[in-house]
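Here's the structure, in C-alpha cells; my notes come after.
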Amino acid sequence: MATVREATYDLLRALGLTTVFGNPGSTEEPFLQGFPADFHYVHALQEASAVAMADGYAQATGRPAHVNLHTAPGTGNGMGNLVTAWHNRTPLIVSAGQQTREMLLIEPRLASPRAVELVQPYVKWAHEPTRAQDIPAAFMRAYAMAVQPPAGPVYLSLPMDDWDRPAGAPPPVRTVATRVAPDPDRLRGFATALAAARAPALVLGAAVDRSDAWPAAVALAERLAAPVWAAPAPERAVFPERHPQFRGVLPYAIGPLSAALRGHDVVLVVGAPVFRYYPYVPGDYLPGDARLLHVTDDPDEAARAPVGESLLGDAGLTMSALVDLLPPTDRPAPPPREHPAPPEPSDPPGADGLFAALAAAWPVDGVLVQESPSNLAALRRRLPIDRPRSYVTMASGGLGFGLPAAVGIALAERDTGRGRPVVAVVGDGSFHYSVQALWTAARLRLPLAVVIPVNQQYAILKAFAELEHTPGVPALDLPGLDVTAVARGYGCAAEVVTSLERFGPALAAALAGDRPTVLPVPISTEVPKIL
Ligand SMILES: Cc1ncc(C[n+]2csc(CCOP(=O)(O)OP(=O)(O)O)c2C)c(N)n1
C-alpha cells in the first residue's frame, strides 16, 4: 500500500504542483525525504523569500504554487509575504511541518501548538489533518479552496510522523471553477445605468489583469467613450497605458480621489477595492451625487465598500457581458492626456531621469516588478505599460515582496518557455527586506536585472512625515550600505551606474547574461511629495 508521502506526491504531480519553494527544517524532512526527481525544490535562504518567490511564480504561471515552511518560526518569517499574498489574491498552498503527534500534547521544541490560528486572518483556510491518511485529500481541498474566487493562500500544518503511514485510497483529482458569472438581472441594471449616464468613468483594478481581461476592458472603455483610471495603488497594470482614453492611476486618498473623478455621474469600478486608500485626507467618497457601480468577485470587498452598488462577478466575464448589453454612444471620446515634459537633467539624476533611461532601454516584452515606494509615480509616468501581465507589485504595502517575487517570475518565464526579460526596480531600503532571494536567483542562473535607485533614505517615510506633520522621526536614513558587495556576496553580477549613458548598455548586458545582475544607480535625494 502507498504511504501518505507517496500518495501526496502523486496528487501534487496530478495537480501540476511539482515545484516546491521552501526552506527546510527537521519537521519537514520526513516530507522531503527521497525528494522525487521530477520535482523541483527551489531553495530560499529565508521564508520571506520562499513565500514571495512562490507568489511571483504563481502569478506568472497563472497557476497555484506550493511553498513549504518550517513549522511556527518558518511560518512567522514568511508571514509578511503571506499577508501580501492574501492581498494579491494569489493562490498559494502553504504547507508547514509540525512536530510528531507522539509528543504534541507536551509541546516539544518546534511544536506549533496553535498552527491553524497562527496564520489567521491571512489565509482562506487553515487545517491540520486529524488523521495521517487525510493529508492527500487535505491538499486536494487546499487546492480547490486556493483557486476559487477570490483566490488566496491556504495553509496546511502536517505532523512529521504522518508521512510513512499507510495512505488509504487516493483522493479523486477534482476540478473547480475559477470564474463566477454575474447575476443577469443585476447586470442589466448596471448596463441601464451606464447607458443613461451623462459622463461615465471607468476605474479598473488588478483583477482585470488577473482574469486576462484587457481586451474586454478596452472594448468596454471604447463602447462607453469613457476615460479610464487605474484604481489606487494597483498591484498590476490594468489597461494599455498609451491608449488615448487612459488617465493614469487614481490618488490613494479620499478627498483627492473624489476630486479626480469630479464631473462624472456614474463611476464603474471593476476588479478593485472601493478604494485602496493610504494617507487619510478627508473628503467625500465621490464627487457630487455620482453613482458608483462596483464589480468584484469578492463578497467581502463588496461589503466593505463605503459607497456604491455591487455586482459579484469575474472582471472579464462581466465587462464582456456589459459590452454586449450597451448600445453604441454618440459621446465623443475624451481628449488624450498630456505627455510629461522630458526630465530635467541633474547630477546625480532624479528618478525621472533614471526611469526615462529605463524606458528608452525597455525590452518590448519586458516584465516590470516594482518596489520603489517614493519613486513609484515617476516610474509609472516614464514607463507606460502596454502589455498585459507585464507589471507586478504588492497589493499590501509590505516591503520585501518585490525582489523575491521577481525571482519567482523570472523562474516562471523560464519554466513556461515564454522567456520574457524580467526587470525589478527596488528601492535601496526595500532591497534589504528579502535580500537573500538574490542567492536563489544566482543558483538558478536567472538573467534577472535588479535596478536599485539609491537615495540612501526611506524617502517615502520622509514625505509621509511631512504630510502628517510628524517631525523628528528617527531611522529614515540609510548610510553605509554597500549594495554591490551584498549582491556579489550572494553570487550576482553588479555594476554601479553613475552615468545614465551607461544605463541602457548595462541593462542590456544584464538581461543577456546567465545570472542576475544588480544595478545600483545613485539618484538625487530630493523627496517627492506623497500625493
Ligand atoms: C515590512 C515593512 N516594513 C516597513 C515598512 C515601512 N516602509 C514603507 S516605505 C519604507 C521605505 C522604503 O525605502 P526605499 O525602498 O529606499 O524607497 P524610497 O522611499 O526611498 O523610495 C519603509 C521602511 C513597510 N512598508 N513594510
Side-chain angles (χ1 to χ4, degrees), residues 46-53 55 75-88 122 232-233 235 249 252-253 276-280 348-355 358 368-383 392-406 423-438 450-468 470 473-484 486-487 496 518-531:
Q46 213 263 22
E47 291 82 355
S49 282
V51 172
M53 280 181 207
D55 188 332
T75 301
N77 283 349
M79 196 70 196
N81 278 328
L82 189 66
V83 172
T84 290
W86 166 265
H87 289 287
N88 285 351
Y122 293 105
E235 66 272 34
V249 179
Y252 48 16
R276 184 175 288 147
Y277 301 116
Y278 177 38
Y280 178 55
D352 270 281
L354 166 60
F355 298 139
L358 177 65
L368 174 65
V369 184
Q370 180 278 122
E371 192 169 293
S372 179
S374 74
N375 299 314
L376 171 59
L379 177 58
R380 306 286 275 122
R381 179 160 63 232
R382 296 293 162 189
L383 182 57
V392 174
T393 187
M394 55 29 196
S396 61
L399 301 179
F401 168 78
L403 185 62
V423 180
V425 176
V426 179
D428 58 339
S430 302
F431 181 62
H432 295 281
Y433 288 78
S434 310
V435 68
Q436 67 290 126
L438 288 177
V450 183
V451 178
I452 315 280
V454 177
N455 59 9
Q456 298 191 55
Q457 57 185 336
Y458 292 156
I460 197 166
L461 298 187
K462 292 186 178 176
F464 204 86
E466 198 180 305
L467 179 84
E468 301 279 319
T470 56
V473 176
L476 300 185
D477 288 304
L478 295 173
L481 279 167
D482 188 341
V483 172
T484 306
V486 171
V496 180
V518 177
L519 299 172
V521 188
I523 60 162
S524 116
T525 54
E526 202 179 311
V527 175
K529 291 245 172 304
I530 204 160
L531 282 170

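Ligands are counted one by one from 1 in listed order, and the atoms in each one are counted from 1 as well. If you're wondering where the values come from, they're calculated on a predicted model, not measured in any experiment.
Closest approach of Val426 to Val450, counting heavy atoms only: CG2-CG1, 4.4 Å. Across all non-hydrogen atoms, the minimal contact from Tyr277 to Ala253 is CD2-C, 3.6 Å. When all heavy atoms of Asn375 and Pro453 are compared, the pair lying nearest together is ND2-CB, 3.9 Å. Nearest heavy atom pair, residue Ala378 against residue Phe355, reads C-CD1, 3.7 Å. Between Pro528 and Ser374 the shortest heavy-atom distance is CG-O, 3.4 Å.
For atom 13 (O) of ligand 1, the closest non-hydrogen atom on the protein side is Tyr458 CD2, 3.3 Å. The protein heavy-atom contact nearest to atom 14 (P) of ligand 1 is Gly429 N, 3.5 Å. Protein heavy atom closest to atom 9 (S) of ligand 1, with residue, atom name and distance, is Ile460 CG2, 3.2 Å. Distance from atom 17 (O) of ligand 1 to its nearest protein heavy atom, with residue and atom name: Pro373 CD, 3.4 Å. For atom 21 (O) of ligand 1, the closest heavy atom belonging to the protein is Ser374 OG, 2.6 Å. Among protein heavy atoms, the minimum distance from atom 25 (N) of ligand 1 is reached at Gly397 O, 2.8 Å. Of all protein heavy atoms, the one closest to atom 24 (C) of ligand 1 is Leu399 CG, 3.6 Å.
Between the side chain of Asn88 and the backbone N or O of Ala395 there is at least one donor-acceptor pair closer than 3.5 Å. Without hydrogens or angle criteria, Thr525 side chain to Asn455 main chain gives no donor-acceptor distance under 3.5 Å.
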* To do: Could you go through the ring-ring contact (aromatic ring centres under 6.0 Å, His included) check for Tyr433 and Phe401 one step at a time?
  => CA-CA 8 Å; Tyr433 288 78; Phe401 168 78; over 10 Å; no
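Residue-level proximity to ligand 1 for Glu371 is absent, since no heavy atom of it falls below 4.0 angstrom. In Asn455, the part holding a heavy atom less than 4.0 Å from any atom of ligand 1 is the side chain.
For atom 4 (C) of ligand 1, the candidate residues are Phe401, Phe431, Tyr433; the nearest heavy-atom contact is made by Tyr433.
Annotation: Glu526, atom CD; neighbour count of heavy atoms from other residues, nucleotides and ligands within 6.0 Å does not exceed 12.
For ligand 1, the atoms closer than 4.0 angstrom to any heavy atom of Ser430 are 12 (C), 14 (P), 15 (O). Against a heavy-atom cut-off of under 4.0 Å, Gly398 is close to the following atoms of ligand 1: 26 (N).
Within the 4.0 Å heavy-atom shell around ligand 1 one does not find Gly400.
Between Gln457 and ligand 1, a contact under 3.5 Å exists for at least one N or O pair.
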